Number of protein chains: 2
Amino acid sequence: VMGIVLNIRGFLDKAWSLAINEPKKVVHCFKVGLALSLVSVFYYMRPLYDGVGGNAMWAVMTVVVVFEYTVGSTLSKCVNRAIGTCLAGSLGIGVHWVASHAGDKFEPVILQASVFLLAAAATFSRFIPTIKARFDYGAMIFILTFSLVSVSGYRVDKLVELAHERISTIAIGTSICVFITMILCPVWAGTELHHLISNNLEKLADSLEAENFRVVGSKNVHEKDSSKRLQGYKCVLYSKAAEETMANFARWEPAHGKFSFRHPWKQYLKIGASMRSCAYCIETLHGGINSNSETPEFLKKPFNDACMRLGTSSSKVLKELSSMIKTMKNSTKLDILVDEMNSSVEGLQKALKTFPIHQHIPTPDPATAEVPSGTEEPSVTPTILLLMEIVQMATLTSLFVEIASRIEGIV
Amino acid sequence: VMGIVLNIRGFLDKAWSLAINEPKKVVHCFKVGLALSLVSVFYYMRPLYDGVGGNAMWAVMTVVVVFEYTVGSTLSKCVNRAIGTCLAGSLGIGVHWVASHAGDKFEPVILQASVFLLAAAATFSRFIPTIKARFDYGAMIFILTFSLVSVSGYRVDKLVELAHERISTIAIGTSICVFITMILCPVWAGTELHHLISNNLEKLADSLEAENFRVVGSKNVHEKDSSKRLQGYKCVLYSKAAEETMANFARWEPAHGKFSFRHPWKQYLKIGASMRSCAYCIETLHGGINSNSETPEFLKKPFNDACMRLGTSSSKVLKELSSMIKTMKNSTKLDILVDEMNSSVEGLQKALKTFPIHQHIPTPDPATAEVPSGTEEPSVTPTILLLMEIVQMATLTSLFVEIASRIEGIV
């Protein structure tokens, strides 16, 4: 019994911390409650009830199903539902008309066959990626409405009335949803995407910096803090799906805040992709360093400075990019930072060129006396690996910069 | 006009190739059609119609909403729907009873408040990750049913009847769904996950091999074929979400084929995770090689053999693992292959140890005369990078092997 109590307690704690960390989600919950209360008013006020008929149930259902966290997804579901219902309704009435003129014998056959074929076709269309991304819900509503209409009665005149009722109740439900999502503390998918990308850029910069510190081995950073920052890149690794759905929903949203209607949301996906390839590098680097971390001091020396410089300058570039995206302003500092980064890349390359032959071997100072023992030698490679990674990351970063400047042009 | 026609044509071509490549999905479409036709029979056969009442609509709706591609997801939706409906129905009736005893004045207030609060709470629960993964749909149905019940009438006796009707129609709908998904060409989420994992292992092995060939620079592989195989690891990178949902659904499935009811599906997720970290390595390697690919011959030489050996042996291990998972049998060959791989790792490490000092510098053969020109030197690093990557990958692979053998123990 105690175990269960503890379990429930842990669960409640988790829920509470979620509520504290993301007040927007709590607000969303109350928005849903409000929307449902508004809809149920239609039942309590008799005049309205008589107007809409017993089908007011559809309004409740629409609100429950359509109301989503972001404005974009709510809008897309509303549009999907409206289009799906209208299309299926008119098709269903058409099929009914044909069937009713075909005689008593063929009527059920025609209806059944049409349900079978159209349901199969619509289900198939849900597997096609382009449709799945945008009209998945619409296709489902299409199947639902069509089978309800084609099955629910035999006379067309009654059907038209039914269709009219359903459409009006759905209109009531969707308009309540749209009104509430857009007026009360709206959560725009576009804004969320924007924040996600700029936060991810910052996390990437942080973990790049922390990784750099760790590699170079300076100990004057707080351990806990750095390990937390180190993990930042993992968020970047796994955010692909979130970015895509949000960009998809953002397209449905009207102009809001600093975003116009046809904001180039696809550019965000591109930034996301280059961030991800950056994060892959960091992941590999991280793994490489974990596996053998004791590099002899004398080997690290020639690189440490160049490395540090490159790491910090590229993370600066990332941070500048992030703040550029946040404020949506072209920053003049960026060019300077990029130049700085490029020069440190060159410095590193120079260090690499001079290292294996001129510096390391021809000067057999006491420190290198250890080398022939053979146990320390392979640890050169993590440093070189690190360098290569950083060079690569720098290339990626400059790629970034290009993309970002392109975006800023469009914004 | 021509543009539109061409567009439609391209779309149809795509759909057709999808249908050809995945006949299972086409079969699924017909299954949906069949299920709907079966349900609509309830309308045409009058005796049944009278028994279930006008609420037969709910059966249609259940089929449309609940019928999913895999058995696991259909089952989970059915269970969710049943639990959500029952819970919300009984709660709704309880609230109604309380409200009806509270007097005419308070009745609507109590009902509205309960709808508001419960809807908000249920919506909030959908944000909690553990519930979202398993009971998202159930929470939605809970909100829907509760608001419908608490809103739809004032007398409890009529409500009980309504609840009875709804539950029986939902039972009809779900049983048709379950029957059809499980009897006609069932698509088990568990089997799909199993295939996905073993295919991904094979793809990983292929692209590791191809990458290896490309790095070492041997040209006797077909260009087109190898570039296609090279891209195999990308599937592995992006399959996280798919694996997780499938593992989630697989838990709902009863015993089928070679899988028992409590098959260790989580182990598949672990394999997936280590495959992904392997794929990150390949991705980094791929990027590193693309950026500077002309390594002078004399530098590559000492590593080429060791590299080749390691690459092929580790891809062999991966392939063996894949076939082991496919057949679900412990293979004795695996140990031999792992030993082989480990010995080639050692060989590579030896090559690394001997390389920078003993081999490369002290023998100033004619080939090294070029070095001081300084332009070729940094390209040592990609090879070393590659080696490190491969060593790392080998470590990962042995990790793999451990996990896999653990699984085989459980299977």
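None of the values given here were measured: they were computed from a predicted structure. All chains are named by letter (A, B, ...) in the order of the sequence lines, taking the proteins before the strands, and each is independently numbered beginning at 1. All values below come from the heavy atoms of this structure, side chains included, with hydrogens, waters and symmetry mates left out.
Closest heavy-atom contact between A:Cys29 and B:Thr123: SG-C, 3.8 Å. The two residues B:Val64 and A:Met140 make their nearest non-hydrogen contact at CG1-O, 3.8 Å. Nearest approach of A:Ala119 to B:Gly33, heavy atoms of both residues: CB-CA, 4.1 Å.
By the 4.5 Å heavy-atom criterion applied to side chains, A:Leu34 and B:Phe116 are counted as neighbours.
Proximity to chain B (any heavy atom under 4.5 Å) is restricted, for A:Lys14, to the side chain, taken from C-beta onward. Neither the backbone nor the side chain of A:Phe67 comes within less than 4.5 Å of any heavy atom in chain B.
Using bins of under 30°, 30° to 60° and over 60° for the plane-to-plane angle, the ring pair A:Phe127/B:Tyr69 lands in the perpendicular bin.
Ranking B:Val32, B:Leu144, B:Val26 against chain A, the residue ahead of the rest is B:Leu144, based on heavy-atom pairs under 4.5 Å. Contacts with chain A were tallied for B:Ile128, B:Val65, B:Val63; B:Ile128 has the most, counting heavy-atom pairs under 4.5 Å.
With rounding to the nearest 0.5 angstrom, the CD1 atom of A:Ile143 is 13.0 Å from the CE atom of B:Met61.
Between A:Phe124 and B:His28, a ring centre-to-centre spacing not shorter than 6.0 Å is recorded.
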